[in-house]
Amino acid sequence: MKTSTVSAPGKLMLLGEHAVVYGRPCIVTAIDQRMRVTVEQTDKNTLVIDAPDVHIFGYEKPIDTLGSGDIPRGAIFVEHAVQAFYAKFSCTGGVHVSVSSEFSSQVGFGSSSASTVCVVQALAQIHQKKILPKQMFTIAFQGVLNVQGGGSGFDIAAAIYGGTIYYVANAKIVEPLSFSTMPLIVGYTGIKADTSSLLREVAEKMKAQPEKVNRIYDAIAKLANDAKIKMIEGDWERVGKLMDFNQDYLRDLGVSSQKLETLIVAAKQAGAWGAKLSGAGGGDCMIALAPDDKKKAIESAIEAVGGQVIHIAPGAQGVRIEA
Ligand code: MEV
């Protein structure tokens, strides 16, 4: 019976969220907090999942019923990842999947996508399938789409490729960016964003006011393109300004929140070059770029208004086999 352990990084969206779902580019960075998954073959024809961080203990499902019926939240992405892989390669046989995380599933760092990627890579190793990153993306994205119905796949790309990437949906473009250390600060609102409902709300807006929303998305695309150049040049002050503009557009789109705004204003008043929400909005995290000598003051300011500073390093390595 074979075993494989794989890890993959979480992510932070830097610029371009929502617009990326509608064909525009975004910039995303992989962070140094990882999901870790061990897959062991078993002699039973079932999938068993243990994911204590999300309260899943010994959840068991016959292989031929994967993806059907009521699936607990904490198990759904892993179950669909196994199903997508088994469907693609006509696999048989049982597996036991153990999932653990270096970060909370509440903060919006992409635990579902990272664990999906880990499962696909571990199964590929067990079944001796040599899959290229692009194929891994296709299988993992299928698994995620089967659960949440939409999304751009930027989080899956970050988990697979790592680093900081300029990304266009369905991995049409995955361009690694290299630059000097990014002076990034992350503040968590304490509120879990509901990505699926935010995506639905934005889709409604697109239906009702396509011209307005497309204008916003074109403007965001331009910011992402400018930011790519400024990041490579190491002009973080300008990237900060571009993040401010991006936040203005996200506010216009209606996806910001009072708590996000409070943290963003606190960071700016304490000397950040720029700040914005990161991800779907409504909650999760805000990010700021700032000169080193302002970092401490900004972190204190974020905490003083009820945010939680999370220390991460951007540009982490993509999916890797651990054992
Ligand atoms: C959510 O973290 C980011 C969105 O752009 C959705 C996606 O790209 O899949 C809102």
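Everything numeric in this text was worked out from a predicted model, so none of it was measured. Start at 1 and go down the list; that is how both ligands and their atoms are numbered. Numbers here simply count residues along the sequence, with the first being 1.
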Side chain to side chain contact (heavy atoms under 4.5 Å, CB included) with Met136: which of Ile156, Thr116, Val120? Val120
Protein residue, atom and distance nearest to atom 3 (C) of ligand 1, heavy-atom basis: Phe154 CE2, 3.6 Å
For the pair Glu261 and Lys259, find out whether any cationic side-chain nitrogen is under 4.0 Å from an anionic carboxylate oxygen. no
Atoms of ligand 1, numbered as shown, that sit under 4.0 Å from any heavy atom of Gly151: 9 (O)
Is Asp226 salt-bridged to Lys222, going by a charged N under 4.0 Å from an acidic O? yes
For Val20, the ligand 1 atoms whose distance to one of its heavy atoms is below 4.0 Å: 5 (O), 8 (O)
shortest atom 6 (C) of ligand 1-to-protein heavy-atom contact is with Val21 CG2, 3.7 Å
To the nearest 0.1 Å, how far is atom 8 (O) of ligand 1 from its closest protein heavy atom, and which atom is that? Ser152 OG, 2.6 Å
Please check this pair: side chain of Lys61 against backbone of Ser68, looking for a donor-acceptor N/O pair closer than 3.5 Å. yes
Any Lys/Arg nitrogen of Glu233 or Lys228 sitting under 4.0 Å from an Asp/Glu carboxylate oxygen of the other? no
Nearest to atom 4 (C) of ligand 1, what protein heavy atom do you find, and at what distance? His18 N, 3.9 Å
Looking only at protein heavy atoms, what sits closest to atom 1 (C) of ligand 1 is Ala280 N, 3.5 Å
Assess whether salt bridge (charged side-chain N to carboxylate O under 4.0 Å, His left out) is satisfied between Asp244 and Lys241, documenting all intermediate values. CA-CA 5 Å; Asp244 278 349; Lys241 261 273 129 301; 3.0 Å; yes
Output the list of atoms in ligand 1 that are nearer than 4.0 Å to some heavy atom of Glu17, sorted by atom number. 5 (O)
